[in-house]
A.B. asks: 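Please find one structure pasted underneath; my questions will follow.
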Amino acid sequence: MNTNILPFEGFSSACVHAGHTQDPNYAHLVPIYASSTFVYDDAEQGMRRFSGQEDGYIYSRWGNPTFREAEQKIAALECFGLQDKNGQALQAEGILQASGMAAITTLLLATLKPGDKILTHFSLYGGTEQIMKNVLPPLGISAVIADLRDASIAAGIIKNDPAIKMIYIETPANPTIQCVDIEVLANTAKEHGLITACDNTFATPYLQQPFKYGVDYIVHSTTKFLNGHGTAIGGVLLGTDIEKMTQHVRLIAKTLGGNANPFDAFLLINGMKTLELRMERHCSNAGKVAGFLQQHPAVAKVNYNGLTSHPDHATAKKQMRHPGAMLSFELKNGLQGGIDFMNKLQMCTRTVSLGTCDTLLSHPASMTHYSVPREERIKYGITDGLIRMSVGIENVNDILKDLEQALQ
Ligand SMILES: *Cc1c(COP(=O)(O)O)cnc(C)c1O
């Protein structure tokens, strides 16, 4: 029995039930299939499995029942309530990977070849930027980096450069919370026969569904809000071209070997059951935190796309259910102000990463971007007193109290 066949009315029901396959031993929850290989009744069955005549698991780098449950659940959430060109429920295929970076690597190596170019926005996750700048160029693939918040810039570049094969976006993006218009960029890409890919990590499918706008591929670092508890590194690559995903892309993924592991897949599946509940609380807390910071005399600026002062407020509002749980703010007292503030935090956690139940704060100038030359990081908006915050699901009054005392 596969309970993801019911058309769920509400997203939270899909979070809890979608993608579940009844266990042959009637376990309620999906078991952790900690097995590298799967056995055959006889040699003929082995033949049928290897030739693809019979479905079944062979080797966990290629696929595993615990991974499958996670893949089906995420695919169901990204397609929730969407229809394909023929008015049927949209279907997507997911491939669970060891990390967000593994999912991005698999995507790029499965879809691009030497001579191809990627058009992307300048505000990207650091690891993705490293792939674009250092890993792909020796393979003959390069990135054209532009401000894609202006759609006319993208259209102009594409028209003049036939080598561009993909538009790759991340929205909202790290750490500026900048947003690009998914619909406009996906339409521009379609006009020119380009592939589109979107990193949906910050938003999650509850807040934003890139497939709605015809995006071809979605990647996630499941490490963040999808897992939601900070218990495992993971990633997923999803696509709506089922044949391409199950054949070519799956073959590349199997060969590259960036597969997940059953225990992390189990943690992810159970984390995702509360996705809607958590995101509602994360976002309502973030709105209150942004409002509090905006009126605080020690704070020079708040970057939160729920505030009308954010330059991408309208884009976020158009494509996101809520503005998300990520924000950043600039302290008036620069580098030392940032360090003092971080040291005074009591309940909130001093760490990088995002998307856990706990509120997390980091100070890029003294942490993630400490080794980046000052002029360079300031160009990207990472000023001395910038603090990045992933707002958690604690009672908001406790978050505000901690911030208040640390800002003293
Ligand atoms: C964390 C992150 C990644 C990388 O994911 P890992 O799971 O750490 O490999 C990619 N994109 C975004 C937006 C992220 O936040």
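Counting starts at 1 for both ligands and their atoms, following the listed order.
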A.B. asks: Show me which atoms of ligand 1 lie under 4.0 Å from any heavy atom of T223.
C.D. replies: 7 (O)
A.B. asks: Over 60° means perpendicular and under 30° means parallel, so tell me whether Y59 and W62 are parallel, tilted or perpendicular.
C.D. replies: perpendicular
A.B. asks: Determine the interplanar angle of the H282 and F225 rings, folded into 0 to 90°, and report it as parallel if under 30°, tilted if 30 to 60°, perpendicular if over 60°.
C.D. replies: perpendicular
A.B. asks: Can you pull out the closest protein heavy atom to atom 8 (O) of ligand 1? Residue, atom name and distance to 0.1 Å, please.
C.D. replies: Y125 OH, 3.8 Å
A.B. asks: Give the atoms of ligand 1, by number and element, whose distance to some non-hydrogen atom of D199 is under 4.0 Å.
C.D. replies: 10 (C), 11 (N), 12 (C), 13 (C)
A.B. asks: What residue and atom, counting heavy atoms only, is the protein's closest point to atom 1 (C) of ligand 1, and at what distance?
C.D. replies: K224 NZ, 1.4 Å
A.B. asks: Does A102 come within less than 4.0 Å of ligand 1, judged by its heavy atoms?
C.D. replies: no
A.B. asks: Test ring pair (Phe, Tyr, Trp, His ring centres under 6.0 Å) on Y304 and H310 and set out the steps.
C.D. replies: CA-CA 6 Å; Y304 180 59; H310 193 282; 8.3 Å; no
A.B. asks: Out of all atoms in ligand 1, which are within 4.0 Å of some heavy atom of S221? Include the element for each.
C.D. replies: 1 (C), 2 (C), 3 (C), 4 (C), 5 (O), 6 (P), 7 (O)
A.B. asks: Looking only at heavy atoms of N174, does any of them come nearer than 4.0 Å to an atom of ligand 1?
C.D. replies: no
A.B. asks: Tell me, which protein residue and heavy-atom name are nearest atom 6 (P) of ligand 1, and how many Å apart are they?
C.D. replies: G100 N, 3.3 Å
A.B. asks: Parallel, tilted or perpendicular: which fits the ring planes of F8 and H17, with parallel below 30° and perpendicular above 60°?
C.D. replies: parallel
A.B. asks: Per the side chain to side chain donor-acceptor pair (under 3.5 Å) rule, which among Q208, K73, Q209, H220 passes with E78?
C.D. replies: H220
A.B. asks: For ligand 1 and E170, I'd like to know whether there is a polar contact (N/O to N/O, distance under 3.5 Å).
C.D. replies: no
A.B. asks: Any N/O of L354 closer than 3.5 Å to an N/O of ligand 1?
C.D. replies: no
A.B. asks: Any atoms of ligand 1 less than 4.0 Å from a non-hydrogen atom of G234? List them with their elements.
C.D. replies: 7 (O)
A.B. asks: Which of these passes side chain to side chain contact (heavy atoms under 4.5 Å, CB included) with L400: V396, D402, D398?
C.D. replies: V396
A.B. asks: Under 3.5 Å, is there a donor-acceptor pair between the Q130 and N134 side chains?
C.D. replies: yes
A.B. asks: With distance as the sole test, does T383 use its side chain to make a donor-acceptor pair with the main-chain N or O of I378 at under 3.5 Å?
C.D. replies: no
